[in-house]
Structure formats: C-alpha cells, structure tokens
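Step one of this worksheet: look at the structure below.
Note on naming: letters A, B, ... go to the chains in the order of the sequence lines (proteins, then strands), and numbering restarts at 1 for each one. Worth knowing before you read on, the calculation uses all heavy atoms, side chains too, and leaves out hydrogens, waters and symmetry mates. As the structure is a computational prediction, the values presented were derived from the model and not from experiment.
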Amino acid sequence: MSKKIRTRFAPSPTGPLHMGGVRTALYCYLFAKKNQGDFILRIEDTDQTRFVPGAEQYIVDTLKWCGIEPNEGFEFGGNYGPYRQSERKAMYRKYAEELIEKGHAYYVFTSDDNWPTVKEELIKQGNPSPKYDNVTRQYLKNSLTLPADEVQKRLEAGEEYAIRYKMPRNEEVRFEDKIRSWVSFNTNQLDDKVLLKSDGMPTYHLANVVDDHLMEITDVVRGEEWLPSTPLHVKLYESFGWEMPSFSHLPLILKPDGKGKLSKRDGDRLGFPVFPLNWTDPETGEQSQGYRERGFLPDAFVNMLALLGWNPGTEQEIFTLEELVEAFSLERVGKSGARFDFEKTKWFNQQYIKSKSNEELALLTKEDFEKHKYEASVEKLAIICDLIKERATFLHEFPSLGYYFFEDVREYDTKNLVKKWDGTKEPFFMDLINSLNSLETFSAEEIETCVKTKMEAAGLGFGQVLPILRISITGTMQGPPVFSVMSLLGKSICSDRLHKGITLAKSL
RNA sequence: GCUCCGUUCGUCUAUCGGUUAGGACCUCAGGUUUUCAUCCUGGAAAGAGGGGUUCGAUUCCCCUACGGAGUACCA
C-alpha cells in the first residue's frame with residue numbers, strides 16, 4: 001500500500017490570484033483527486049513586506065468559485081496546520097540550525113555582512129550576477145571564516161544573523177520531473193541561498209521544503225519559474241535526510257501576442273480579464289475585472305484552463321470537473337508555454353451556456369435581469385433564456401438580448417422597415433391584428449398558422465411580411481423566432497406594438 | 001553574460017520511426033434557419049534551420065537560431 005497522495009497549492013498573498021495560478025491550483029487538484037488524494041492550500045506569506053490585505057480571502061474565494069476546494073488548508077481546516085507560514089515562524093529556525101549542526105549551513109551576521117558591498121563592486125566590474133557561493137564565501141565574513149569561539153560569543157550575545165545553505169562544490173544534482181523527465185544541474189552554478197532571513201522568517205526555499213515534509217506532501221506541482229531552484233530543494237531534502245516528493249513544473253501561460261508571460265497589462269491592453277474574480281487594489285484603488293463578473297461560467301473557465309497546457313490525447317474538449325479528474329495526468333501536460341487565446345475562451349463559455357438547462361440559466365441570470373429592473377418569475381425567465389441562449393456568449397448579455405420582453409422597443413431598424421413597407425400592406429396588417437386578437441391560446445403555433453393563412457390569402461410571401469412583423473415586435477431583424485416571442489409577449493402587447501410599427505412605417 | 005527549459009497550421013494541440021501530419025478556435029465558401037445566432041458540409045492553414053543515426057525521420061542524437069524562466073535576506 002503506497003502513501004496517500006497529497007498535493008498543495010502554495011500561493012503568496014501578494015495580490016489577486018492570476019489565472020496562471022488558478023491553473024496551477026487546478027492541476028494540483030486534478031492530480032490529487034485522480035489519485036484519491038488530498039489537495040491542500042498553504043499560504044506562503046514569509047515576506048511580510050509584500051502582504052496585501054484581502055489577497056488571502058481572494059484565493060479562498062477563487063478556489064470556491066472554481067469548484068476546486070481544498071480538503072484541508074488555510075480556511076479549510078485539517079490536522080497539519082497552521083497552514084499560513086507566518087504562523088509557523090517559530091519552527092523554521094530549529095530546522096535551519098539542524099542544518100548548521102550537520103555542516104550543511106552557516107551563519108552570516110548582519111552587522112558585518114559585507115556581501116552587499118562586495119556584490120555591488122563585482123557588478124561594477126562587469127559580473128552580471130555575482131553569487132554568494134562555494135568560492136566567494138571563503139572571502140566573505142560568515143561563521144565559516146570567523147574563528148569558532150567568536151561565532152559562539154556573538155551567538156550568545158544575541159547578534160542578528162541570517163543562515164545560508166552551504167552548497168557543495170562540483171556535484172551533479174539530478175531529479176526527475178514528471179513533465180520534463182530528467183533534469184540535471186551542477187552545484188557550481190548554484191549559490192548559497194539564504195534559508196533563514198535576519199528577521200527570523202524563512203525564505204521560500206526553507207519553508208517550502210520543511211512544510212512539504214511536515215505536511216507529508218507527496219507531489220509538488222508548481223510553475224516553471226521554480227525549476228531553477230529545485231536543485232537547491234533537492235539538496236535540502238538530502239541534507240535533512242527526508243524523503244523527496246515528486247516534482248512537476250508547469251509551463252507558463254504566455255501573452256496572446258508578442259513575447260513573454262501573460263500579465264495584467266495584457267488584459268487591460270487587449271480587453272480580457274486575467275483574474276478570476278473582480279479585484280480592487282487596496283493601495284491604488286485600481287479595479288480589475290474578473291472572469292466571473294465578465295459573465296463567464298466557472299465550469300467554462302476551468303475547462304479552458306485545463307486544456308491550456310494539458311490534453312487528454314483524445315478529441316474531447318468539453319469536460320465536467322469530474323471528467324477532468326478522470327482524464328487527467330501530469331504526463332500529458334505539455335512542456336512548452338501556451339499562448340492564451342481569448343477567442344477560444346469565449347467559445348468555451350458559449351458552449352457551456354448552450355448546454356445549461358433553461359432553469360439553470362434563469363437562476364444564473366436572474367440577478368443580471370434584476371440589475372436592469374427586469375423582474376420575472378424563474379419560470380418565465382427560463383422561457384426567455386431558452387429563446388436567447390444560443391445568441392449569448394456571456395451571462396450578462398441576457399438582459400440586453402431579451403430587453404424587449406420587459407420594456408418597449410427602444411430602437412427600430414427603420415432602414416429595413418422602409419425597404420419592406422409599402423402603403424398597400426396596411427389593410428393586410430390591420431386585418432392580421434384583428435385575427436391575432438381573436439386567437440384562443442396565442443401559442444407560437446397558433447400565431448404562425450394564423451399569419452400563414454392570412455398571408456396566403458393575401459398572396460404575400462414571408463419575405464414581405466415577416467420583417468415588418470419582426471421589426472414591429474422587437475425593433476430588429478435579428479433574434480429568436482418571432483412567433484415564440486409574440487406568444488410570450490401576449491396578445492395585447494403584440495397588438496400595441498404592431499399598431500405602433502405600422503404607424504412608424506407609414507411616417508417614414 | 002551564465003544556468004536550465006522549450007520549439008508541429010495565426011492560436012491550443014494529436015502523433016510515442018513508415019499517416020493524404022488528425023482535431024478545436026479563428027478565417028473563408030456553401031447549406032439549413034423568414035432574420036440573427038445555433039447547427040451541418042467543405043476549403044485555406046504547420047513539423048525553425050543545418051548536420052547526423054536509419055531502408056525510412058515531425059518523431060532519436062548533435063549544432064545553430066529563436067523563445068522562455070531563473071540568476072534577491074521575493075515568492
């Protein structure tokens with residue numbers, strides 16, 4: 001019996017969760033669920049200077065909206081807490097010191113740490129990125145170069161210090177990435193990363209390894225930007241003597257045009273959201289629109305994200321969350337970055353809107369209708385949704401697509417009305433109105449047969465009658481079948497609008 | 001600069017040495033629909049370049065080019 005699979009999503013609360021982050025969370029979730037495992041949310045807030053109020057709640061809200069709720073974690077409970085690293089602060093120093101005892105790390109006292117100045121000097125000399133590494137540390141002031149008794153004295157005096165990892169020289173570090181297969185680095189390229197900062201907080205590197213171990217994480221699924229620091233994490237596991245999790249580094253989501261990864265700027269520039277939910281920056285008050293508020297269904301958003309970088313190897317494109325869980329595997333995640341395509345994203349949403357039942361849509365859009373002061377029962381809304389859903393890409397389009405069910409025609413397509421109208425048709429339409437008024441049930445079928453018989457009797461064709469009818473009723477040549485619209489509108493409104501339409505036609 | 005990762009239609013991608021290189025978005029042309037949308041049919045559209053290995057490479061290896069990420073007491 002192998003260990004239970006446990007994955008974690010570990011964002012830092014520095015702002016709204018980017019859609020790339022959501023995708024990482026989604027893949028973590030899918031992988032865990034696929035293997036009957038647990039999905040955990042851990043907040044990585046070890047850099048307290050970058051904390052943004054509201055960001056943690058945003059993460060929680062996003063996961064909930066997407067339907068990928070953690071089994072345990074921040075705000076979700078569990079036995080491995082606390083799940084916020086700032087609340088775990090006290091425990092990290094012990095682990096850093098364990099490394100020092102084992103000879104894998106060393107102290108750097110803040111008071112005489114000459115690295116910042118040395119580094120600046122090296123940059124001036126043309127070294128693009130000087131490293132605090134196994135060579136330079138010999139010439140820098142730290143517990144390796146200071147006399148042992150002095151180090152001891154300073155420690156006892158309570159001097160402030162940071163702890164750095166002592167990266168060994170010329171060692172090959174290999175690890176297997178589930179997406180990229182074997183990756184190797186030489187430690188000579190690596191530097192002595194800070195493990196514990198002088199404020200007592202761990203850096204990501206220490207915290208992530210310690211917490212993943214303590215939380216019994218079996219599979220680390222994270223963004224590609226972590227690939228270069230993975231050898232350090234591997235060395236850390238080795239130094240502690242801990243079992244290593246598997247690693248999977250996800251490719252980036254790229255901007256639709258040009259170069260580089262997708263950023264908030266691209267969304268503003270090209271007119272699409274990059275965040276799942278609305279976000280107001282607490283500092284600047286700047287607003288960013290979310291997918292939810294833009295009228296996207298969470299399942300469509302999730303489906304799109306899932307296929308951006310992963311594919312099942314079949315031609316299926318529409319997946320429920322359950323189906324995604326069933327079909328998912330990390331091995332089928334692509335290696336290269338995927339350019340984001342908003343057109344395709346819209347297509348997904350359209351597919352999901354079409355596939356929803358009329359009742360679901362009614363419930364989903366009720367609020368949008370009410371925002372426009374359009375009140376109707378869910379039953380009636382369902383009928384309206386049925387008529388317009390194939391014409392909608394976004395949820396919020398429903399009210400405008402069906403506004404004429406709630407208020408008078410705002411704007412007439414006079415161009416087409418003029419084209420189709422001539423005075424000789426007036427008697428026909430007056431007669432038609434009378435006949436319609438005498439109809440029993442005013443059902444779509446009944447209206448249609450009525451119009452047809454009248455038309456035939458008068459020797460008129462669809463093309464001569466329908467456009468006028470349609471424009472009178474809805475103002476436009478576009479839209480759902482007129483007879484259904486008329487039926488829903490009812491006899492008296494139709495009669496009124498027809499009269500109005502004819503009057504308008506005559507005046508043009 | 002250095003390290004690592006990557007490279008199939010405009011975009012997302014399938015292909016695990018032999019295919020007319022398949023699908024989807026977009027796009028174009030038809031058809032259904034009184035209109036629009038939906039839907040259906042069809043078209044256009046791809047293996048970065050150069051070397052190998054092989055009877056045979058999109059597929060395996062190397063080089064080049066290009067792209068990306070990292071290079072903080074940020075995550």
Side-chain angles (χ1 to χ4, degrees), chain A residues 10-14 44-47 49-50 85 108 110 113 115-116 119 126-132 160-164 177 179-180 183-186 188-191 193-205 207-208 222-231 249 251-252 254 256-257 259-261 304 307-318 332 334-348 350-351 354 387-393 401 413 416 448 451-452 455 461-467 469-471 474 476-483:
Chain A
S12 59
T14 53
E44 309 237 336
D45 59 345
T46 51
D47 185 357
T49 62
R50 295 208 306 159
Q85 287 181 330
V108 178
T110 311
D113 181 16
W115 174 237
K119 182 178 179 181
N127 184 339
S129 55
K131 295 196 309 262
Y132 199 124
E160 193 181 84
Y161 62 81
I163 294 179
R164 280 184 185 270
D177 183 285
I179 294 169
R180 290 153 210 280
V183 181
S184 67
F185 290 79
N186 185 294
N188 287 356
Q189 260 69 241
L190 273 23
D191 58 352
K193 278 273 179 295
V194 169
L195 262 19
L196 196 79
K197 300 183 264 186
S198 49
D199 66 359
M201 272 293 202
T203 57
Y204 170 85
H205 304 106
N208 126 283
R222 78 227 301 194
E224 187 180 70
E225 66 271 25
W226 294 112
L227 194 54
S229 49
T230 305
H249 291 93
L252 263 37
L254 274 17
D257 58 352
K259 301 165 180 171
K261 61 181 174 184
M304 175 280 293
L307 272 291
L308 196 59
W310 168 85
N311 80 85
T314 66
E315 285 178 359
Q316 185 178 352
E317 291 205 274
I318 302 294
R332 290 205 67 91
K335 296 177 184 49
S336 50
R339 243 175 232 285
F340 175 66
D341 183 354
F342 192 53
E343 289 305 317
K344 185 114 189 199
T345 305
K346 290 199 293 199
W347 177 79
F348 273 110
Q350 204 178 18
Q351 298 304 306
K354 273 196 307 179
L387 290 175
I388 59 183
K389 69 177 174 185
E390 285 189 346
R391 271 155 274 261
T393 302
L401 245 21
D413 178 353
N416 275 304
E448 183 167 358
V451 172
K452 265 188 185 164
M455 240 172 51
F462 274 118
Q464 297 164 283
V465 175
L466 272 294
L469 195 59
R470 177 179 284 284
I471 293 170
T474 66
T476 164
M477 289 281 283
Q478 307 175 351
V482 237
F483 305 122

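Scanning atom types as modelled, one donor and one acceptor separated by under 3.5 angstrom connect the side chain of A:S129 and the base of B:rG1. Taking only distance into account, the side chain of A:K193 never meets the base of B:rA72 through a donor-acceptor pair shorter than 3.5 Å. Put simply, the side chain of A:S198 and the base of B:rC73 share a donor and an acceptor less than 3.5 Å apart. With hydrogens and angles ignored, no donor-acceptor pair under 3.5 angstrom links the side chain of A:R391 to the base of B:rU38.
Look at A:K197 and you'll find a side-chain N or O under 4.0 angstrom from OP1 or OP2 of B:rA75. Phosphate proximity of B:rC73 to A:R164: present, with a side-chain N or O under 4.0 Å from OP1 or OP2. Checking the phosphate oxygens (OP1, OP2) of B:rA75, a side-chain nitrogen or oxygen of A:T46 falls inside 4.0 Å. A sub-4.0 Å separation between OP1 or OP2 of B:rA72 and a side-chain N or O of A:K119 is present. Side-chain N/O atoms of A:K354 include none lying less than 4.0 angstrom from OP1 or OP2 on B:rA37.
Using a 4.0 Å heavy-atom cutoff across all strands shown, A:P11 reaches no nucleic acid atom at all. Residue contacts for A:R222: at a heavy-atom cut-off of 4.0 Å it reaches no nucleic acid atom on any strand shown. Nucleic acid contact class of A:K389 (heavy atoms, under 4.0 Å, all strands): none. Here A:V482 lies in heavy-atom contact (under 4.0 Å) with a base. Here A:F185 lies in heavy-atom contact (under 4.0 Å) with sugar-phosphate atoms only. Contacts of A:A338 with the nucleic acid, taken as non-hydrogen atoms under 4.0 Å apart, involve only primed sugar atoms and P, OP1 or OP2. Across all strands shown, A:R339 has heavy atoms under 4.0 Å from sugar-phosphate atoms exclusively, and none from any base. As judged by a 4.0 angstrom heavy-atom cut-off over every strand, A:P481 is placed among the base-contacting residues. Using a 4.0 Å heavy-atom distance criterion, A:S184 is classed as a sugar-phosphate-only contact. Note on A:N416: nothing from the nucleic acid sits closer than 4.0 angstrom, heavy atoms only. When heavy atoms are screened at a 4.0 angstrom cut-off, A:G223 is found touching no nucleic acid atom at all. Using a 4.0 Å heavy-atom criterion, one finds that A:G126 contacts no nucleic acid atom at all.
The two atoms that bring A:D413 and A:I471 nearest to each other are O-CD1, 3.6 Å, heavy atoms only. Of all the heavy atoms in A:I318 and A:Q351, the pair that sits closest is CD1-CB, 3.9 Å. Looking at every heavy atom in both residues, A:E44 comes nearest to A:S12 through O-CB, 3.0 Å.
Rounded to the nearest Å, the gap between the P atom of B:rG18 and that of B:rC61 is 16 Å. Across the C1' atoms, B:rA69 and B:rC62 are found 24 Å apart, a figure rounded to whole Å. When the P atom is used for both B:rA44 and B:rA21, the distance is 13 Å, rounded to whole Å. Comparing the P positions of B:rG30 and B:rA37 gives a spacing of 14 Å, expressed to the nearest Å.
The partner of B:rU19 cannot be assigned: no Watson-Crick or G-U wobble pair with both contacts below 3.5 Å exists in any strand. Taking a pair to require two hydrogen-bonding distances under 3.5 Å in either a Watson-Crick or a G-U wobble arrangement, B:rA24 pairs with B:rU11. Figure legend. B:rC4 is base-paired to B:rG68; pairs are counted as Watson-Crick or G-U wobble with both atom distances under 3.5 Å. Checking B:rU38 for Watson-Crick or G-U wobble geometry (two distances, each under 3.5 Å) identifies no partner in any strand.
The pair A:K193-A:D191 counts as a salt bridge, with a side-chain nitrogen and a carboxylate oxygen less than 4.0 angstrom apart.
Relative orientation of the A:Y204 and A:W226 rings is parallel, given thresholds of 30° and 60° on the angle between their planes.
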(request) Start with the C-alpha distance between A:K344 and A:E317, add both sets of side-chain angles, then the distance that settles salt bridge (Lys or Arg N to Asp or Glu O under 4.0 Å), and finish with yes or no. (result) CA-CA 11 Å; A:K344 185 114 189 199; A:E317 291 205 274; 3.1 Å; yes
